[in-house]
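A quick write-up on the structure given underneath.
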Amino acid sequence: MNTHSLCISRWLVLLAIACPGWLAAQAPVILGKGNTGGMSVITSSGQDSTSGFKTVDGLGFLPNEIAASRFLAQATLGADFESIMAMSQMSFAEWLDSQFMAPKAIGILQYTQDITAEAVDSTFAMGGNPNNIQPQLWFWHSAWWQYIMSSPDVLRARVGLALSEIFVVSELPELDEVPLALADYYDMLLDNAFGNFRDLLEEVTYHPAMGIYLTHMNNPKSDSTLNRFPDENYAREVMQLFTIGLYKLNDDGSRQLDSLGNPIPTYDNEDIQEFAKIYTGLTWGDAFAFGQNPLSELSYTLPMQMKNAWHQPGTKTLLNGVVVPNRNPVNGNADIHDALDNLFNHPNVGPFIGRQLIQRLITSNPSPAYVGRVAAAFNNNGQGVRGDMKAVIRAILLDPEARDCALVYDPYRGMLREPITRWTHLCRAFNAFSQRGVYRNDMDDFYQNTFQRPLGSPSVFNFFSPEYVPIGPIDSAGLVAPEFQITNSVTIVGYANRLHTWIMNQNQVMEYRDIFSGEWNNDKYVNLDLADEMQLDETADVDELLERLNLILFHGQMTWDTRDRIRAALVQVPDDDFEIRIRIGIFLSMISPDYLIFR
């Protein structure tokens with residue numbers, strides 16, 4: 001048996017062990033997924049009381065490398081070979097427990113400030129005026145990358161990115177001038193990722209970045225003589241996007257219908273007006289008076305404070321008949337507390353937020369039953385607590401529809417990987433490094449080529465809508481595909497071009513900016529660590545390389561057609577150019593449909 005045949009045989013055995021349901025996708029006789037094909041199951045035990053059980057049932061990946069790789073692709077922003085091997089030796093539940101306890105080793109705000117301080121020192125050392133140095137947008141981007149590449153709380157990083165695409169604030173149109181606001185807002189999302197949704201909702205509401213972005217900062221009470229009424233922006237979006245959505249939902253996420261078969265709105269314009277009264281009177285956390293400008297950029301990192309003299313007095317009628325009382329004296333914070341409780345306890349929140357988190361981590365089109373199970377975890381974590389994010393995350397990642405390997409071959413399952421997760425996957429899978437251990441990455445070219453970078457959405461509706469439907473087969477099948485909203489001729493070619501630069505060129509895995517004194521190029525440039533792959537330095541090792549890439553990048557889902565096409569290209573590379581062969585293999589893998597569509 002030649003090396004190629006041996007590798008394929010090993011791969012067949014590994015995949016069949018990992019996913020018994022895989023056999024069902026390869027042969028007309030369907031085994032697994034509840035079908036035994038007339039098989040009889042007996043026990044090997046000699047004890048008469050021992051009952052046999054079915055092992056060929058497709059209920060999930062068994063614990064091994066493929067299962068670990070696929071799980072980490074859902075639960076992290078990328079895993080290297082060593083992480084996959086370690087994961088394969090523990091249960092998913094054990095890994096989740098360890099991650100819930102893992103520390104957040106890097107504060108993004110603090111690191112952004114550290115880069116600013118280094119820029120001040122460097123400017124002074126080079127004879128410039130350090131007073132001219134202010135935090136720049138790329139300082140926050142670099143701090144984000146430093147956290148993603150260095151902090152051990154990899155599950156928190158994945159959930160944080162998902163939350164940033166639900167509770168959207170953006171550098172556009174004006175926060176690009178205050179990167180500390182963006183850094184602190186992202187820290188806030190990370191710090192609440194494993195907490196309670198009610199606390200997260202409150203911190204979002206009081207954060208000055210949100211106050212500026214959705215314009216409830218310095219939002220005054222009504223004054224009919226000035227024809228002035230409360231700003232309705234946050235009041236609308238906190239319902240539409242952050243909590244309950246547009247229509248009343250069943251627990252499984254399906255829409256409730258009236259007697260005429262029409263969806264039932266969750267709120268109307270009068271509700272928006274009533275909620276708008278709630279969010280009046282908030283101003284900068286360090287302000288002396290309502291309506292003043294921020295004292296410094298640090299003002300953007302302090303929770304907004306309430307000035308009761310500017311808060312709308314009187315009763316406010318909220319959802320489901322809840323009435324906020326006419327407090328005397330006026331107490332704006334108490335009103336906000338009541339309003340957030342009203343939203344938090346609305347039955348829509350579990351299915352509405354749960355479905356979006358499933359879309360960000362697992363699949364674009366979860367079944368109603370899947371949404372229902374996650375919503376149930378949101379409603380009650382098993383100990384009577386509502387909104388426990390740990391329970392929600394467990395429910396999402398451990399659900400049968402996340403773990404069942406038979407669904408890998410379901411054409412209605414899966415998701416297009418969004419551009420930023422492809423980049424983080426590359427960097428983490430191949431241990432991107434610099435000599436100084438810093439990741440100063442401005443992401444400007446990436447942003448222009450893919451229309452995405454953290455907190456860079458063009459609107460509060462995120463880079464893509466959870467309901468986006470591309471015209472064609474997806475539309476005809478009644479499915480959604482959110483990430484396709486930023487997929488077009490520009491971003492497809494742009495991603496491929498950027499990927500080629502990251503992989504094929506030395507020193508260009510990240511987009512470094514040079515303003516610091518005393519640094520050598522080798523201190524700052526970021527490269528992929530391909531030392532392990534470089535051991536596969538003969539043409540005979542091409543199949544071993546493909547197996548390794550299949551595990552790290554494809555999570556065991558590289559098709560034979562893709563394997564053959566990549567192999568045909570790699571065997572043409574001479575053995576003395578084996579590093580080029582490795583890089584070409586990674587590049588071709590990451591532009592292939594098998595990689596881009598994750599199941």
Side-chain angles (χ1 to χ4, degrees), residues 77-78 80 136-146 148-149 161 416-454 456 463 483 486-516 519-534 545 548-549 552-554 562 565-566 569-570 572-573 577-596 598:
L77 291 172
D80 60 14
Q136 298 181 40
L137 189 63
W138 74 269
F139 291 5
W140 124 253
H141 292 149
S142 298
W144 186 86
W145 274 101
Q146 194 73 30
I148 295 301
M149 296 300 297
L161 180 64
L416 174 65
R417 298 183 201 249
E418 56 189 296
I420 190 63
T421 63
R422 303 173 209 165
W423 199 1
T424 59
H425 189 192
L426 172 70
C427 292
R428 290 183 54 81
F430 299 101
N431 298 298
F433 72 97
S434 72
Q435 295 297 329
R436 283 192 59 197
V438 296
Y439 300 92
R440 300 206 189 104
N441 191 358
D442 67 22
M443 294 190 275
D444 281 351
D445 287 345
F446 177 76
Y447 195 33
Q448 293 173 9
N449 282 281
T450 67
F451 305 159
Q452 190 182 35
R453 65 184 174 196
F463 305 100
E483 295 83 359
I486 55 170
T487 304
N488 54 41
S489 58
V490 174
T491 60
I492 291 171
V493 174
Y495 162 69
N497 287 339
R498 295 313 308 160
L499 181 68
H500 188 272
T501 298
W502 303 330
I503 295 173
M504 301 306 298
N505 296 345
Q506 291 281 351
N507 306 325
Q508 294 187 40
V509 180
M510 295 186 184
E511 300 168 14
Y512 187 89
R513 284 198 184 185
D514 188 1
I515 66 167
F516 301 97
E519 284 187 327
W520 298 92
N521 287 346
N522 287 341
D523 291 334
K524 60 193 181 185
Y525 290 144
V526 178
N527 287 285
L528 300 178
D529 181 359
L530 302 176
D532 291 339
E533 287 75 19
M534 292 279 282
L545 173 62
R548 186 179 179 91
L549 296 180
I552 297 173
L553 297 178
F554 295 86
T562 296
R565 289 172 183 268
I566 296 176
L570 298 188
Q572 298 180 51
V573 181
D577 286 332
F578 54 85
E579 181 177 351
I580 298 298
R581 177 191 296 141
I582 293 167
R583 293 179 182 274
I584 291 174
I586 297 171
F587 174 73
L588 293 178
S589 295
M590 294 188 70
I591 62 171
S592 71
D594 292 358
Y595 172 79
L596 293 172
F598 172 66

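The analysis underlying the following values was restricted to heavy atoms, covering all of them including side chains, and did not include hydrogens, waters or symmetry mates.
Of the residues V526, N527, I503, T501, the one that meets the side-chain contact (heavy atoms from CB on, under 4.5 Å) test with Q508 is T501. Screening N441, L137, D442 for a side-chain contact (heavy atoms from CB on, under 4.5 Å) involving R453 leaves a single residue, L137. Under the ring-ring contact (aromatic ring centres under 6.0 Å, His included) test applied with W423, the options Y447, W502, F430 reduce to a single match, W502.
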Query raised in the report: side chain to side chain contact (heavy atoms under 4.5 Å, CB included) between E483 and R417: does it pass, once the steps are laid out?
Result: CA-CA 7 Å; E483 295 83 359; R417 298 183 201 249; over 6 Å; no
Requested in this report: Report the C-alpha separation of L161 and T421 in whole Å, then their side-chain angles, then the decisive distance to 0.1 Å, and conclude whether the side chain to side chain contact (heavy atoms under 4.5 Å, CB included) test is met.
Outcome: CA-CA 9 Å; L161 180 64; T421 63; 3.9 Å; yes
Requested in this report: Would you please test T450 and I486 for side chain to side chain contact (heavy atoms under 4.5 Å, CB included) and show each step?
Outcome: CA-CA 7 Å; T450 67; I486 55 170; over 6 Å; no
Report task. Mind running ring-ring contact (aromatic ring centres under 6.0 Å, His included) on Y595 and H425 for me, showing each step along the way? Result -> CA-CA 11 Å; Y595 172 79; H425 189 192; 5.7 Å; yes
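One distance of note links CZ of F554 with CE of M590; it measures 9.0 Å at 0.5 Å rounding. For the atom pair R422 CZ and L553 CG, the distance stands at 13.0 Å (nearest 0.5 Å). Between the CD1 atom of I584 and the CZ atom of R581 there is a distance of 9.0 Å, given to the nearest 0.5 Å.
Between F578 and L545, every side-chain heavy-atom pair lies at or beyond the 4.5 Å cut-off. You'll find the side chain of N488 reaches within 4.5 Å of the side chain of F451, heavy atoms only. In this structure, H500 and I591 have side chains that are not in contact, with every pair of non-hydrogen atoms separated by 4.5 Å or more. Contact of the D80 side chain with the I552 side chain is not registered, since no non-hydrogen atoms from C-beta on lie closer than 4.5 Å. In this structure the side chain of M443 reaches within 4.5 angstrom of the side chain of W145, judged on heavy atoms.
Using a distance-only test at 3.5 Å, with no hydrogens or angles considered, no donor-acceptor pair links the side chain of Q452 to the main chain of F463. Without hydrogens or angle criteria, R548 side chain to E533 main chain gives no donor-acceptor distance under 3.5 Å. When atom types are taken as modelled, the side chain of Y512 and the backbone of N507 share no donor-acceptor pair closer than 3.5 angstrom.
Aromatic rings of H141 and F446 (six-membered ring for Trp) have centroids beyond the 6.0 Å cut-off, not under it.
Nearest approach of S589 to L549, heavy atoms of both residues: OG-CD1, 3.8 Å. Residue E511 comes nearest to D445 through the heavy atom pair OE1-N, 3.0 Å, listed as atom of the first residue, atom of the second, then distance. Considering every non-hydrogen atom in both R428 and L77, the closest pair reads CD-O, 3.7 Å. Taking both residues in full, the closest heavy atoms of M149 and C427 are given as CE-O, 3.5 Å, listed atom of the first, atom of the second, then distance. Between F587 and A496, the closest heavy-atom pair is CE1-O, 3.5 Å. When every heavy atom of N449 is checked against every heavy atom of G494, the shortest pair comes out as OD1-CA, 3.4 Å.
With sequence neighbours excluded, no residue forms a side-chain contact (heavy atoms from CB on, under 4.5 Å) with Q572. Every residue was checked against the salt bridge (charged side-chain N to carboxylate O under 4.0 Å, His left out) condition with D529, not counting sequence neighbours, and none meets it. Applying the side-chain contact (heavy atoms from CB on, under 4.5 Å) rule to S142 yields the partners I115, W138, R440; only residues at least two apart in sequence or on another chain are considered.
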